[in-house]
Amino acid sequence: MNSLAPELIAELKEKKEPEKGLQPLDIKGALVMRFAPNPNGPPTIGSSRGIVVNSEYTKKYNGKFIVRFDDTDPATKAPMLEAYDWYLDDCKWLGANPDEVVIASDRIPKYYEVAEQIIKKSGAYVCFCEQEEFKALKDVKKSCPHRDQDVESNLGYWEKMLSGDYKEQEAVLRIKTDIAHKDPAIRDWVAFRIIKKPHPRPEVSDKYVVWPLLDFEGAVEDHLLGTTLIIRGKDLIDSETRQRYIYTYMGWNYPETMHWGRIQIHEFGKLSTSGLKKAIADGTYTGWDDPRVPTIRALRRRGIRAEALRKFMIELGLGETDISMSLDTLYAENRKIVDPIANRYFFVWDPVELDVLGAEPKTAKAPLHPSRGMMREIPVGTKVLVCKSDVENLKDGERLRLKDLYNIQITGLSPLSAKFIGTDMDLVKKEKARIIHWAPPDGQKVRVLSPDGEYSGMGEHGIELELDNVVQFERFGFVRIDSINGDEVLAYYTHK
RNA sequence: GCUCCGAUAGUGUAGCACGGCCAAUCAUGUCAGACUCUCACUCUGACGACUGGGGUUCAAAUCCCCAUCGGAGCACCA
């Protein structure tokens with residue numbers, strides 16, 4: 001068949017293996033996409049979706065990938081200075097280095113220019129209504145008195161806004177849409193408001209008192225940057241309708257758009273950036289890379305590979321439904337990468353001392369990795385440490401195998417003692433004796449930080465040489481060796 | 001209340017634009033077994049879904065209508 005009709009086979013394969021994950025795009029010209037976060041906290045798992053999907057498409061279609069910081073709110077969601085670099089760093093780590101980086105707070109004058117033009121086209125007006133007052137009118141499709149101001153007056157008010165003549169809340173610039181639009185979300189929305197709080201970035205600080213809202217800033221930037229395709233969360237789905245008014249006034253072409261639903265990760269629940277910030281401040285979490293926190297930084301520290309996270313995000317695809325996922329799939333993906341390369345070590349948590357009578361001191365030999373030849377050597381005397389959970393339900397006289405060492409028979413429970421009964425593996429095979437791991441009492445102290453708590457205990461020497469590597473603690477799980485503090489190794493739990 | 005949008009196994013996805021090849025894909029998960037000096041890995045097998053009801057049609061997961069459930073927006077947040 002292959003020789004008769006190779007193209008048929010190819011076609012079959014094509015049908016059977018459609019584009020996995022991301023749907024192919026119907027691209028006409030060049031592809032320009034952007035990821036536009038507000039850097040008011042570090043990138044989270046959610047951000048990684050935006051980074052990965054946008055960059056993946058631009059890679060695939062030879063497009064341009066822009067990171068744009070939408071940091072135009074110095075008050076309610078004020079940017080965090082360190083976060084700008086964190087975003088860029090995590091992008092780089094994810095293999096999504098941007099072709100261009102834009103910071104909105106650097107480009108405020110451009111937004112003023114567009115605003116002025118729209119005012120001149122009667123597309124915007126300065127509104128002095130109180131918020132509730134305006135909402136009441138809007139809800140019954142009534143325009144406010146300011147809507148009919150002429151261009152000259154609006155221009156004058158706008159100038160006064162810019163020069164700081166008004167207080168916060170006193171005036172806003174509204175985009176004229178359709179005050180009777182059937183969707184209340186569209187009616188004459190606010191494009192600029194007055195904020196007198198300085199911007200956290202020293203280069204901007206108190207340079208401006210009039211700040212654009214996302215819908216305006218984003219609309220202008222997407223045009224300026226030549227964005228051709230926007231993929232963003234569906235919370236911004238109505239933005240398009242609002243922003244199109246600007247595009248119409250200015251005679252621009254609106255980019256294509258796609259939206260995705262919210263992801264909720266079982267393991268993390270509903271944690272907002274502001275909620276996290278609080279929990280870190282009050283000491284609930286140790287920082288933005290605490291293993292319990294849903295940031296990219298935490299995942300990195302735990303030893304999740306960028307490639308695994310990328311694949312995970314790509315395979316989620318682009319659905320408008322909200323999804324609720326477990327990290328198991330990410331872990332499985334990561335395990336595939338990490339398992340073949342992670343060296344194996346013993347780590348005994350909640351250690352219990354065990355005397356072995358009749359044992360000669362020796363050096364145990366165990367493979368560094370089950371499918372490779374390299375061995376590790378563990379010198380051991382007549383005492384070993386074992387996990388409390390392994391010996392809790394032991395019965396006197398029970399026979400066990402200390403992995404890669406020898407067989408023992410329990411002779412006493414408290415204190416725990418045993419006698420040496422040989423080295424033969426037959427015991428394990430015939431009696432189906434349990435095999436447990438162990439550590440030498442003079443081994444390497446280890447502490448593991450995991451999403452569900454902390455484990456302290458003893459490991460074998462050699463662990464301290466694996467700094468920054470992901471290793472597997474046998475019968476425990478994968479960990480990333482993070483640092484050495486004094487005589488103790490600190491590891492972060494990756495996954496089972 | 002007003003405007004949008006969505007619904008395939010436990011979870012996430014493929015299929016839906018152009019109805020038949022779908023007794024529905026892949027992954028993950030769970031269970032069982034094999035392998036193994038790890039509860040890891042690998043292998044084998046099992047489990048498991050088209051939200052409900054109508055309609056169109058020779059034929060519906062796919063088209064239409066209604067219902068139900070879920071979500072988003074209606075901010076001087078992003």
Side-chain angles (χ1 to χ4, degrees), chain A residues 15-21 23 36-40 70-73 75-79 127 129-131 134-135 138-139 141 168-174 181-187 189-195 210-215 217-218 232-239 241-242 259 261-263 266 273-274 311-312 315-333 335-336 338-340 342 344-346 364 366-367 369-371 390 401-407 423 425 427-429 433-437 472-478 495-496:
Chain A
K15 270 224 150 155
K16 271 233 144 80
E17 295 263 350
E19 207 69 46
K20 218 43 191 173
Q23 302 297 310
N38 175 14
N40 63 335
D70 284 346
D71 59 345
T72 57
D73 174 21
T76 325
K77 285 187 179 169
C127 174
C129 290
E130 301 230 343
Q131 231 174 117
F134 185 88
K135 182 175 162 42
K138 180 196 77 175
D139 284 346
K141 306 182 178 178
E168 287 190 15
Q169 313 282 319
E170 199 177 339
V172 293
L173 185 76
R174 285 187 188 278
H181 197 285
K182 61 176 182 168
D183 182 351
I186 307 304
R187 299 171 197 160
W189 50 276
V190 174
F192 287 86
R193 82 299 211 183
I194 298 166
I195 296 174
V210 173
W211 289 91
L213 276 101
L214 177 72
D215 277 332
E217 177 265 331
R232 59 187 166 197
K234 72 170 179 188
D235 46 321
L236 295 175
I237 215 157
D238 286 337
S239 279
T241 319
R242 284 192 287 261
H259 299 90
R262 276 192 89 82
I263 316 184
H266 297 324
T273 303
S274 50
K311 215 168 160 202
F312 178 73
E315 280 175 4
L316 274 187
L318 238 59
E320 259 184 51
T321 342
D322 291 348
I323 54 181
S324 172
M325 289 211 63
S326 149
L327 247 22
D328 282 341
T329 318
L330 173 65
Y331 294 158
E333 215 57 72
R335 191 152 38 226
K336 279 181 204 152
V338 137
D339 181 73
R344 268 56 171 174
Y345 292 99
F346 289 153
H369 189 282
S371 59
D390 277 332
R401 168 78 179 180
L402 293 178
K403 190 170 185 285
D404 300 308
L405 188 60
Y406 45 56
N407 308 326
T423 57
M425 275 303 284
L427 175 86
V428 175
K429 293 196 171 117
R434 283 172 55 214
I435 300 168
I436 64 170
H437 69 288
Q472 188 198 45
F473 286 163
E474 294 194 37
R475 307 210 304 141
F476 181 75
F478 292 90
H495 45 64
K496 193 86 195 131

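Every chain is numbered from 1, with letters handed out A, B, ... down the list of sequences. The structure presented is a predicted model; accordingly, all values stated were derived computationally and were not measured.
Nucleic acid contact for A/Arg335: sugar-phosphate only, since backbone atoms but no base atoms lie under 4.0 Å from a heavy atom of the residue. Across all strands shown, A/Cys129 has heavy atoms under 4.0 Å from base atoms, whether or not it also approaches the sugar-phosphate. Nucleic acid contact class of A/Thr72 (heavy atoms, under 4.0 Å, all strands): sugar-phosphate only. Among the protein residues, A/Asp390 comes within range of the nucleic acid bases, having at least one heavy atom under 4.0 Å from a base atom. Note on A/Pro340: nothing from the nucleic acid sits closer than 4.0 angstrom, heavy atoms only. Using a 4.0 Å heavy-atom criterion, one finds that A/Lys182 contacts the sugar-phosphate atoms exclusively. Using a 4.0 Å heavy-atom criterion, one finds that A/Phe346 contacts no nucleic acid atom at all. At a threshold of 4.0 angstrom between heavy atoms, the contacts of A/Glu320 are confined to the sugar-phosphate backbone, with no base atom among them. Counting any heavy atom pair closer than 4.0 Å across all strands shown, A/Asp235 reaches a base atom. Residue A/Arg242 is in sugar-phosphate contact alone, with no base atom involved, counting any heavy-atom pair closer than 4.0 Å across all strands shown. If you check every strand for non-hydrogen atoms under 4.0 Å, A/Ile186 touches nothing. Residue A/Asn38 is classed as a sugar-phosphate contact, given heavy-atom separations below 4.0 Å to backbone atoms only. Using a 4.0 Å heavy-atom cutoff across all strands shown, A/Ser324 reaches sugar-phosphate atoms only and no base atom. Within the nucleic acid shown, A/Met425 comes within 4.0 Å of at least one base atom, counting heavy atoms only.
In this structure a side-chain-to-backbone donor-acceptor pair under 3.5 Å is present from A/Lys496 to A/Phe476.
Across the C1' atoms, B/G15 and B/A27 are found 16 Å apart, a figure rounded to whole Å. Taking the C1' atoms as reference points, B/C64 lies 14 Å from B/C16, given to the whole Å. The gap from the P atom of B/A75 to that of B/A60 amounts to 46 Å, rounded to the nearest Å. Taking atom P on both B/A14 and B/A7, the two are 10 Å apart, rounded to the nearest angstrom. To the nearest whole angstrom, the two C1' atoms, one in B/A49 and one in B/G12, are 13 Å apart.
For A/Asp390 and A/Arg434, the salt-bridge test passes: some basic side-chain N is under 4.0 Å from an acidic carboxylate O.
Looking at the side chain of A/Thr329, the nearest of the listed nucleotides B/C39, B/C74, B/A27 is B/A27.
If A/Arg475 and A/Asp328 are placed on RNA chain B by their nearest nucleotide, the residue sitting closer to the 5' end is A/Asp328.
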